Each structure stands twice: as C-alpha cells, then as structure tokens.
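See below for the structure under consideration.
Every chain is numbered from 1, with letters handed out A, B, ... down the list of sequences. Since the model is a prediction, treat every value here as computed from it, not as a measurement.
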There are 2 protein chains.
Amino acid sequence: MTCPTAPVLDLRDRLRRAGLRPTRQRVSLMGVLFAKGHRHLTAEALHEEASQRGVRVSLATIYNTLHQFTGAGILREVAVDSAKTYFDTNTHNHHHMFVEGEHRILDIPAEAVQLDESPDIPDGFELVRMEVVLRVRRKQ
Amino acid sequence: MTCPTAPVLDLRDRLRRAGLRPTRQRVSLMGVLFAKGHRHLTAEALHEEASQRGVRVSLATIYNTLHQFTGAGILREVAVDSAKTYFDTNTHNHHHMFVEGEHRILDIPAEAVQLDESPDIPDGFELVRMEVVLRVRRKQ
DNA sequence: ATTTGTGCAAATCGTTTGCATCTGA
DNA sequence: TCAGATGCAAACGATTTGCACAAAT
C-alpha cells in the first residue's frame with residue numbers, strides 16, 4: 001500500500017480527475033470495485049468484500065464514498081429494488097434485468113433494446129437518462 | 001359508512017373478486033386510493049390522506065393493505081426511487097418519468113414508447129413485465 | 001496550516017412483526 | 001363461531017449524521 005504500482009497510480013489519477021482527493025480508503029475501494037469487471041453492489045456487499053481483502057473501512061465511509069463516486073460519475077445508482085440501493089460499476093448506457101425475489105441484477109447491453117425517440121419531456125425538464133428494466137422471475 | 005351507496009358496493013365487490021375480505025379499512029382505503037384518478041402514493045401519503053378524510057387506519061394496516069392490494073393486482077409497486085416505495089393505482093401497461101430530486105413520478109402511456117421485441121430472457125426465467133423509466137431533472 | 005475525509009456510535013427513517021383484541025362471514 | 005384483520009408498540013434493517021480525530025494538499 002506504500003508501493004505505488006502502476007494500477008494504483010491509475011486509480012489515484014482517476015480520482016483526481018473526478019475532483020476527489022485520492023485518500024487511502026477511496027483508492028482501496030476503487031481497487032475493490034473495479035477488480036473484477038462490472039457489477040452491482042450494495043454498500044453492505046462492498047463493505048464485506050473490502051474486509052475480506054484486508055481493507056478496513058467503516059460502513060459510514062462506504063456510504064459516503066459510494067455517493068461521492070456516484071456524484072463524480074464513477075458509479076451509477078440502480079433503483080430497481082425497493083429494499084436496498086445498488087451501485088453499478090458500469091456507467092455506460094445499458095439496461096437491467098431484475099430477478100424478483102432473488103435481489104439479483106443482470107445487465108442488458110444497450111443494443112439489445114431498441115426504443116424509438118424518447119417521449120416528450122415536459123417543459124423545464126431535461127432528460128438525465130432512459131432506462132429499461134425487465135422484471136423476471138424464476139419459472140414455476 | 002353504514003349506508004351502502006352504489007360506489008361502496010363496487011369497492012366491496014372489487015375486493016371480493018380479488019379474494020380479499022371487504023373490511024371497513026380496506027373499503028375506505030380503496031375509496032381514498034381511487035378517488036381521484038390514477039396516482040403514485042407512498043404508505044405515508046396514503047396514511048395522511050386517509051386521516052384527512054377521517055379514515056382512521058394504523059400505518060401498519062396501511063402497509064399490510066398496500067401489499068395485499070399489490071398481490072391481488074389492484075395496485076402495482078413502482079421501484080424508481082431508492083428512498084421509498086411508491087404504489088401505482090394504474091396497473092395497466094405503461095411507463096414512468098421520475099423527476100430526480102423531487103421524488104415525483106409521472107406516467108408515460110405505453111404507446112409513447114416503442115420497443116422492439118424484448119431481449120432474450122435467460123432459460124428458466126419468465127418475463128414479469130418490462131418497464132421504462134425516464135429520469136429527468138429540472139433544467140439549470 | 002487549513003481543508004477535507006474518516007470512524008465511531010447514536011440517531012433517523014421507512015418498513016415489518018408479535019401479539020392481544022376485534023370483526024366479518 | 002372463528003379464521004382472518006387490525007392496532008399498537010416494539011423491533012428491524014438500511015442509511016445518515018454529529019463530532020472528535022486523522023490525513024491530504
């Protein structure tokens with residue numbers, strides 16, 4: 001952790017470019033978040049995974065960090081499950097499949113869904129993003 | 001409340017057909033829910049509105065009832081806001097616009113959004129429904 | 001040195017639950 | 001009668017907050 005290998009420098013840079021100070025915790029959490037491709041994590045899940053990797057960060061800091069990262073465009077919040085908030089490491093345009101009863105989220109590539117031009121946005125509002133959620137359940 | 005006017009009978013019938021006993025509270029809440037066209041309510045909002053109309057129902061019963069109604073197909077749960085759960089009195093196929101920062105949900109008629117046939121559903125799963133959420137924010 | 005971030009524990013908020021009591025069929 | 005509903009208060013789980021301490025610029 002005191003040995004700045006190349007990937008760690010990347011993480012620090014990415015944080016700086018996002019306007020966030022590269023603190024030890026933020027760098028570590030970025031490392032955990034982006035260690036294995038894109039995924040959807042809850043605060044609790046990130047906390048556990050960080051602990052397992054020997055990264056000791058309080059849950060309060062996890063929540064702070066997740067929201068800071070979301071504000072900085074590093075993460076995206078996914079609201080499909082009223083029970084808890086998921087954060088998506090993929091901030092590119094894509095959609096989701098949600099497995100009801102299992103609290104599981106799967107990605108759908110943007111190209112898999114064709115929508116015509118978006119419906120009218122009321123005056124005074126601007127589109128942030130359009131997302132599609134396929135709710136599925138296990139058969140039988 | 002002891003005078004069974006026509007609309008009250010309708011409500012009672014609708015509850016019976018849904019397999020729910022038409023108790024005083026359920027009939028009253030249906031009355032409140034469907035008094036003014038379709039809308040999106042939280043448990044808290046329904047509780048307040050019921051109180052204002054002199055319908056005294058505990059919050060616990062509100063939650064029970066909302067879930068029973070959802071299970072019976074009288075209401076639909078809308079998960080767009082990770083902060084709280086909204087219930088939609090419109091159970092027909094349609095979509096939503098969510099105003100970020102204002103906790104406000106607007107309807108988009110199904111016809112306003114054209115999607116091609118849905119993406120592949122993984123084996124062992126079946127589609128419950130496909131919904132589109134347009135996230136918008138107030139300009140500036 | 002100053003500003004910003006972190007950790008902890010307590011507080012908050014939406015929601016659920018256990019249980020005694022009531023009510024509709 | 002009696003299964004099913006309700007109300008209350010307490011329990012719960014996810015998230016936020018206040019504040020003293022620590023770390024980054």
Report the residue (Arg16(B) or Glu44(B)) whose heavy-atom-nearest nucleotide on DNA chain C is the more 5′ of the two.
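Here Glu44(B) is the residue nearer the 5' end.
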
Both Ala83(B) and Thr65(A) contact DNA chain C. Which one's nearest nucleotide lies toward the 5' end?
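Residue closer to the 5' terminus by nearest nucleotide: Thr65(A).
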
Roughly how many Å is it from [atom1] in [X] to [atom2] in [N], rounded to a whole number?
X: Leu20(A); N: dG5(C); atom1: CG; atom2: P; answer: 7 Å
X: Glu48(A); N: dA14(D); atom1: CD; atom2: C1'; answer: 14 Å
X: His47(A); N: dT15(D); atom1: NE2; atom2: C1'; answer: 14 Å
X: Asn64(B); N: dC8(D); atom1: CG; atom2: C1'; answer: 12 Å
X: Leu41(B); N: dT15(C); atom1: CG; atom2: P; answer: 13 Å
X: Ile62(A); N: dA9(C); atom1: CD1; atom2: P; answer: 16 Å
X: Lys84(B); N: dT12(C); atom1: NZ; atom2: P; answer: 16 Å
X: Leu66(B); N: dT6(D); atom1: CG; atom2: C1'; answer: 15 Å

Nearest-neighbour nucleotide for the Arg12(B) side chain, dG7(C), dT15(D), dA25(C) considered:
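The nucleotide sitting nearest to the side chain is dA25(C).
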
So if I take every side-chain heavy atom of Arg24(A) and compare against dA24(D), dT17(C), dT17(D), which nucleotide ends up nearest?
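Nearest nucleotide to the side chain: dA24(D).
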
Can you find a donor-acceptor N/O pair under 3.5 angstrom joining the side chain of Arg21(A) to the base of dT3(C)?
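Result: at least one qualifying N/O pair found.
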
Testing the 3.5 Å rule here: is there a donor-acceptor pair between the side chains of [X] and [Y]?
X: Asp107(B); Y: His40(B); answer: yes
X: Glu77(A); Y: Ser82(B); answer: yes
X: Gln25(A); Y: Arg56(A); answer: no

For [N] and [X] - does any side-chain N or O of the residue sit under 4.0 Å from the phosphate oxygens OP1/OP2?
X: Tyr63(B); N: dT15(C); value: yes
X: Thr85(A); N: dA14(D); value: no
X: Thr61(B); N: dT6(D); value: no

Report which part of the nucleic acid His67(B) touches: base, sugar-phosphate, or nothing (heavy-atom distance under 4.0 Å, all strands).
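Contact class for His67(B): sugar-phosphate only.
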
Ion pair Glu48(B)/Arg53(B), N-O distance below 4.0 Å:
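No, this pair does not count.
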
Below 6.0 angstrom between ring centroids: does that apply to His96(A) and Tyr86(A)?
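Here the rings of Tyr86(A) and His96(A) have centres that are no less than 6.0 Å from each other.
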
Please figure out whether Gln25(B) or Ser82(B) has its closest DNA chain D nucleotide nearer the 5' end.
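The residue whose closest nucleotide sits nearer the 5' end is Gln25(B).
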
